[in-house]
Amino acid sequence: MADDYYKILGVSRSATPEEIRKAYKKMAQKYHPDLNPDDKAAHTKFKEIQNAYDVIGDAEKRKKYDQFGSNFENMGAGPGPGGGGPGGFHQWRSAGGGPGGGQFEFDLGDLFGGGGGPDLSDIFGGMGGGGGGGRRRHAQPVRGNDIQHDVTVPFKQAMEGGEINLNVRRPGGEMERLTAKIPPGIEDGKKIRLRGQGDPGPNGGPAGDLLIRIHVQAHKYFKRNGKDLEVTVPVSLAEAMLGGSIDVPTPGGTVTMKIPAGSSSGKRLRVRGQGVPATSGDAGDLYVVLQIALPEKPTEELKQAVEKFAEDHAEDPRKDLSW
């Protein structure tokens, strides 16, 4: 056929209407006369693109075009050359009088107003220039940029939650003091979003957000494992050997727990529900790891007692140790 409208728009003959529309929009953005005022080749290309879209972008015309080719309007009872109803693809061919005629007239109202093509705001939305008669388009409101701020909090505050204060420098240079709440059990590296506290939006657009990234300080005794907490608790030799009760601090308060007699260093005891607090669901658990604390300067009496104990209990504690 003389003109392959599918090839002009760069789509296959089986393309969907949406694929055809997207292809037309992309090419119209590239070759539109308003964006190429001194490029005659672009003007000619745009004319071909518009002609192709007016046909295969219309379901009825596309059906006839697929059957009879680019001369389909001269077939059967269709209108003769130069005819076509309002919005037909022949109608916008301009004052030159026909193929090979004078310069094409680009009337944006004719091209995009009622001829079945998309509206200019659809094609050129967000672009600077364009618009009928060479008038500059109004700048569109744009959302402001987000701001990121890093804050370090103690381990205890991260587990219990609370408020943090921070100073944010605004575009004018002034400092603004803001307060944010952190939920109980927040993890290291998590972010809190304060909506509308970022940079203001250009042209009256909405302000961006303030993103606060939380860093959690390490604790001397406690450490976190997911939802659970682990704490190493020193116990005396007598407590480990004879058993007893000890007090252990937790995020929910101090708890008293029993140490089984004959406990060794490294023994783990579990306290349910006393781990990382949860804003929803169940809290984690607390694991207490015993560590026998020996005196740095034992007395002679203690040494003799330990030596007597070693003589009476000569079993090897490493007899099962193997690779």
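Predicted model only: the values in this text are computed from it and were never measured.
Every residue was checked against the salt bridge (Lys or Arg N to Asp or Glu O under 4.0 Å) condition with R177, not counting sequence neighbours, and none meets it. Applying the side-chain contact (heavy atoms from CB on, under 4.5 Å) rule to D320 yields no partners; only residues at least two apart in sequence or on another chain are considered. Take S264 and apply the side-chain contact (heavy atoms from CB on, under 4.5 Å) test, not counting sequence neighbours, and it matches no residue. Shown here are the side chain to side chain donor-acceptor pair (under 3.5 Å) partners of D146, two or more places apart in sequence or in another chain: R143. In terms of the ring-ring contact (aromatic ring centres under 6.0 Å, His included) criterion, Y31 has no residue partners (sequence neighbours excluded). Among residues two or more places apart in sequence or in another chain, the side-chain contact (heavy atoms from CB on, under 4.5 Å) test is passed with D39 by N36, A41, A42. Residues satisfying the side-chain contact (heavy atoms from CB on, under 4.5 Å) test with E160, not counting sequence neighbours, are K156.
Residue V306 is not grouped with residue M241 when hydrophobic side chains (ILVMFWY) are merged at heavy-atom distances under 4.5 angstrom, including chains of intermediate members. Clustering ILVMFWY residues whenever any of their side-chain heavy atoms sit less than 4.5 angstrom apart, transitively, puts I246 in the very cluster that holds V255. Residues I147 and V142 do not share a hydrophobic cluster, defined by chaining ILVMFWY side chains whose heavy atoms lie under 4.5 Å apart.
In this structure, R169 does not pair ionically with E176, as no charged nitrogen and carboxylate oxygen lie closer than 4.0 Å. With salt bridges taken as basic N to acidic carboxylate O contacts below 4.0 Å, one links K308 and D312.
Of all heavy-atom pairs spanning G198 and A207, the tightest one is O-CB, 4.3 Å. The two residues P251 and P277 make their nearest non-hydrogen contact at CB-CG, 4.2 Å. For the residue pair F155 and H219, the shortest heavy atom distance occurs at CG-CB, 3.8 Å. Across all their heavy atoms, F222 and P249 have their closest contact at CZ-O, 3.2 Å. Residues A240 and V235 approach most closely at CB-CG2, 4.3 Å, considering heavy atoms.
Side-chain contact between N203 and Q140 is absent, with no heavy-atom pair separated by less than 4.5 Å. Two residues are said to be in side-chain contact when any heavy atoms from C-beta on lie closer than 4.5 Å; L269 and P260 meet this criterion. Here the side chains of E230 and R268 are in contact, with some heavy-atom distance below 4.5 Å.
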* Hey, mind stepping through L229 and R224 against side-chain contact (heavy atoms from CB on, under 4.5 Å) and telling me if it holds? -> CA-CA 5 Å; L229 289 178; R224 179 174 184 163; 4.2 Å; yes
* Verify side chain to side chain donor-acceptor pair (under 3.5 Å) between Y24 and Q50, making sure each step is shown before the conclusion. => CA-CA 8 Å; Y24 167 74; Q50 182 66 40; 2.5 Å; yes
* To do: I would like to know whether K61 and D54 meet salt bridge (Lys or Arg N to Asp or Glu O under 4.0 Å); could you show each step before the answer?
  => CA-CA 8 Å; K61 291 180 182 179; D54 280 345; over 6 Å; no
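Side chain of Q67 to backbone of K64: no donor-acceptor contact under 3.5 angstrom is found. Although no hydrogens or angles enter the test, the distance criterion places no donor-acceptor pair under 3.5 Å between the side chain of R193 and the main chain of R195. Here the side chain of R170 pairs no donor or acceptor atom with the backbone of E174 at under 3.5 angstrom. Judged by distance alone, the side chain of D199 and the main-chain N or O of G208 form no donor-acceptor pair under 3.5 Å.
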Please set out all donor-acceptor pairs under 3.5 angstrom arising from side-chain atoms of residues 285-305, sequence neighbours excluded.
residue : atom : partner : partner atom : Å
D285    : OD1  : G273    : N            : 2.9
D285    : OD2  : R270    : NE           : 3.1
D285    : OD2  : R270    : NH2          : 2.7
T299    : OG1  : L302    : N            : 3.2

Would you list the atom pairs, donor with acceptor, under 3.5 Å between side chains in residues 178-192 and any protein atom, with sequence neighbours excluded?
residue : atom : partner : partner atom : Å
T179    : OG1  : N165    : OD1          : 2.9
D188    : OD1  : V216    : N            : 2.7
K191    : NZ   : Q148    : OE1          : 3.0

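Going from atom CG of D150 over to atom OG1 of T152 covers 7.5 Å, rounded to the nearest 0.5 Å. In this structure, T232 OG1 and Y221 OH are separated by 10.0 Å, a value rounded to the nearest 0.5 Å. Atoms CD and CD1, from E18 and I20 in turn, are 10.0 Å apart once rounded to the nearest 0.5 Å. A distance of 15.0 Å separates CG of L9 from NZ of K25, quoted to the nearest 0.5 Å. The distance from the CD1 atom of I212 to the CD atom of Q197 is 9.0 Å, given to the nearest 0.5 Å. The distance from the CG atom of L210 to the CG atom of L194 is 5.0 Å, given to the nearest 0.5 Å.
Applying the side chain to side chain donor-acceptor pair (under 3.5 Å) test to every pair with at least one member in residues 237-258, sequence neighbours left out, gives these pairs: S236-E239, D247-T256, T250-Q274. Pairs engaging residues 289-309 under the ring-ring contact (aromatic ring centres under 6.0 Å, His included) rule: F309-H313 [sequence neighbours left out].
Note: Y65 and Y6 have tilted aromatic rings, judged against thresholds of 30 and 60 degrees for the angle between ring planes.
With a 4.5 Å cut-off between side-chain heavy atoms of Ile, Leu, Val, Met, Phe, Trp and Tyr, the cluster of W323 takes in none.
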